[in-house]
Visitor: 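Shown below is the structure under consideration.
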Protein chains: 2
Amino acid sequence: MDAAAPLLVAASDFFRGLSPAACRDVTERARERRFARRAVLLRESESEPALFLLVAGRVKLGKLGSNGQEVILQLLGAGDVFGGVAALAGGPSPATVQAVEAGRALVWDRPVLRELVARYPEIAVNGVRIAAARMQEIQERFRELSTERVAQRIARTLLRLARQAGRRVEGGVLLDLPLPRRDLAEMTGTTLYTVSRTLSEWSERGLLETRRGRLLLRAPHALVAIAEDLGG
Amino acid sequence: MDAAAPLLVAASDFFRGLSPAACRDVTERARERRFARRAVLLRESESEPALFLLVAGRVKLGKLGSNGQEVILQLLGAGDVFGGVAALAGGPSPATVQAVEAGRALVWDRPVLRELVARYPEIAVNGVRIAAARMQEIQERFRELSTERVAQRIARTLLRLARQAGRRVEGGVLLDLPLPRRDLAEMTGTTLYTVSRTLSEWSERGLLETRRGRLLLRAPHALVAIAEDLGG
DNA sequence: CGTGCCCTTGAAGATCTTCAAACGCAGTGG
DNA sequence: CCACTGCGTTTGAAGATCTTCAAGGGCACG
C-alpha cells in the first residue's frame, strides 16, 4: 500500500470529513488493484460491486445495448470514485467500467464497506452527496441529448473534458487523454463518422487541432458559442 | 393531517425501516400541501429544496432547456417521493416538478429533514438506495435515447407507464393518467408530431386506442416486440 | 515491411423535424 | 341553443440532419 494512500482517501468525495484516524482505518481495509488498458473493472451484471477509488489511470463508465452498441456515461480519472453508490445501496452495478489508460485503484468490497459505514455514518451522507452530483450531471446530459444537435453536444463534451482533464498549454487547452472518435461518439450519442466530420470542420476553421493523437482546443470560446447555439 | 399519514410514511421508500414510533415522529414534523393541476412544486433554481411525499395526484419531474424546450425525466404518483436526495445532499434541486393532476403532498423542509436524519441515520441509507435506483433508471433511459429509434423509445415509455400507472381492464391495459402527445414527446426525446404519427399507425394496426383522452394498450406484447426491435 | 487500427471522405438514403393547414372537442358566453 | 374560441390532435409535404455503407489513407507497432 502506498504511503500517500490515507491522504488520497481523505481527499476523496466518498470519505470527505472523516478524521485522520478514521481515514487511516479506512485505508487499511482497502486492497489495491492494478489494471491494464482495456481491463474491465466492473460489469453491469456484477451483483456485488465494490467501491473503487482511482489512484492513477483513467476509466470509462458505460452501458452496453442489447445489439452491442455502447454508451459512455462518464470518464473518470485519478481521485474519482465509482461503484460506491451501488455498493452502499445494495443493488447491482448500474454500469460497466473499463480502463482507457492503465492505472491502479483502492478497492473496498461490499462487506467491508458496510462495516465502515456502520462505524462512520458520514460515509452514507457523502454517498448521497455523490449520487446527487452524478444525478445532476446525467440529467443535464439527458436534456442535451434530447434537445440539442450533434455539434452542440460534441462541443459541450469537449468543454467538459477540458474542465476535468484539460492542461493549459501555449496555443490553447490540451485534452491530455486518449480519446478515439469512437469514444467521443459514444459520449455524445452519435456515430464516429459524424464526430470525425465535425472535428474536421472545426479543425479547418482553426478551432482545434489533433496533436499526436490528443486534441488541442485552440478556441474554447468558439466551442462555447457552438454549445450554446449562439451561431458558431 | 391525515390519520393514515403515518402509514404512508412508513411505506415510503424514504422512511422504510423506521420504527412505528419514529414514523409518527417523522409524520408530525411534516406539513401538508395541496396543489392544483399545473402547479409548480419545485423549481430548478430552488436552492433549498424540500422533501415531498406524494399522497395523491401526479407530477412530472423535468428540466427546461435555454430555448424553452422541456424534457420530462419522470412521472410520479401517490406514494412516490422527490426532492429528498437534493435536500439531503445540500445542493440545489436538479429538476423542476409540476403537477399534471391536482393532489396533495407531505413536505419536510430541509432543516427539518436534517434533524430527522441526525436522529434516524437509516434515512441517509434509504436516500442512497433511492438515488441508486433513480440512477439505474435514468442511465438506462440515457442509453435508450442514445441508441434506439423513436418508435422503440415510445413503446418503452408506454410500457413503463403501464407498469406504474396501468389498470387492467377488459380489452387491455388502460393508462389512467392525462398524457398529451406533447408530454410523451418530451419523455422520449422527439416531437409531438412524430408521437402522433406513431400512435396513429399503432392505432390502425390495433395495438392501442384512445378512449376519452386515455390510452388503452390492446397488445402490450406487440409493443414489447417493437421496444426490443424484434421486428414489430 | 506488412498488418491492424483509427481516421477521413464521398455518396446515398433513412429518419425525423419543421411548417402549414385543418379537424374535433370542450368549455364559454351571447 | 348555438356560435365562438382555444387547445390538443392529425396529416401532408418539404427538407434538414444524421446514419450507413464503401473505399481509401496514414500511422504505429510488431
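Naming: A, B, ... by sequence-line order, numbering from 1 per chain.
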Visitor: Please report the distance, rounded to the nearest Å, between CD in B:Glu186 and C1' in C:dT17.
Guide: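 B:Glu186 atom CD is separated from C:dT17 atom C1' by 15 Å.
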Visitor: What is the separation between atom CD on A:Glu148 and atom P on D:dT17, rounded to the nearest whole Å?
Guide: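 Answer to the nearest Å: 15 Å.
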Visitor: Scan B:Thr190 against the nucleic acid and name what it touches under 4.0 Å (heavy atoms): base, sugar-phosphate only, or nothing.
Guide: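 Result for B:Thr190 = sugar-phosphate.
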Visitor: For A:Leu199 and D:dC18, what is the distance between atoms CG and P respectively, to the nearest whole Å?
Guide: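 One finds 14 Å between P of D:dC18 and CG of A:Leu199, rounded.
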Visitor: Taking for each residue the nucleotide of DNA chain C with the nearest heavy atom, is it A:Arg149 or A:Ser200 whose nucleotide lies nearer the 5' end?
Guide: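 In this pair, the answer is A:Ser200.
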Visitor: Measuring to OP1 and OP2 of C:dT8, would you say a side-chain N or O of A:Ser196 lies under 4.0 angstrom away?
Guide: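 Yes, A:Ser196 has a side-chain N/O under 4.0 Å of OP1/OP2 on C:dT8.
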Visitor: For B:Arg212 and C:dC25, what is the distance between atoms CZ and P respectively, to the nearest whole Å?
Guide: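 Whole-Å distance recorded here is 14 Å.
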Visitor: Can you check the B:Arg211 CZ to C:dG24 P distance for me, whole Å?
Guide: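 To the nearest whole Å, that distance equals 21 Å.
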Visitor: Categorize A:Thr194 for me: base, sugar-phosphate, or nothing, with a 4.0 angstrom heavy-atom threshold over every strand shown.
Guide: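 It contacts base atoms.
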Visitor: Which one, D:dT9, D:dT11, D:dC18, comes nearest to the side chain of B:Tyr193?
Guide: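 Comparing D:dT9, D:dT11, D:dC18 against the side chain of B:Tyr193, the answer is D:dT11.
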Visitor: Looking at B:Trp108 versus B:Phe15, is the centre-to-centre ring distance below 6.0 Å?
Guide: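 Ring centres of B:Phe15 and B:Trp108 closer than 6.0 Å.
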Visitor: Check the side chains of B:Ser200 and B:Ser203 for a donor-acceptor pair under 3.5 angstrom, ignoring hydrogens and angles.
Guide: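 Result is no, nothing qualifies.
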Visitor: Okay, side chain of A:Arg38, backbone of A:Gln98: is any donor-acceptor separation there less than 3.5 Å?
Guide: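 It does not hold such a pair.
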Visitor: On DNA chain D, nearest-nucleotide positions of B:Pro180 versus A:Thr191: which is more 5'?
Guide: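 Closer to the 5' end of DNA chain D: B:Pro180.
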Visitor: Take atom CG of B:Leu179 and atom P of D:dT9, then tell me their distance rounded to the nearest Å.
Guide: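 In whole Å, D:dT9 P lies 9 Å from B:Leu179 CG.
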Visitor: Once you round it to whole Å, what is the distance between P of D:dC18 and CD of A:Glu201?
Guide: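 For the pair A:Glu201 CD and D:dC18 P, the rounded distance is 12 Å.
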Visitor: For C:dT8, take OP1 and OP2 only and decide whether either is under 4.0 Å from a side-chain N or O of A:Arg181.
Guide: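 Affirmative; the distance criterion is met.
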Visitor: Tell me which pairs pass side chain to side chain donor-acceptor pair (under 3.5 Å) where either residue lies in residues 214-225 of chain B, with sequence neighbours left out.
Guide: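 Listed once each, the pairs are B:Asp176-B:Arg214, B:Glu209-B:Arg218.
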Visitor: Give B:Arg197 one of three labels, base, sugar-phosphate or nothing, depending on what nucleic acid heavy atoms sit under 4.0 Å from its own.
Guide: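 Base contact.
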Visitor: Given side-chain contact (heavy atoms from CB on, under 4.5 Å), test B:Leu75 with B:Arg58 step by step and report yes or no.
Guide: CA-CA 7 Å; B:Leu75 284 185; B:Arg58 284 181 196 280; over 6 Å; no
Visitor: What integer distance in Å separates B:Gln69:CD from C:dC16:C1'?
Guide: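 Roughly 14 Å, once rounded to whole Å.
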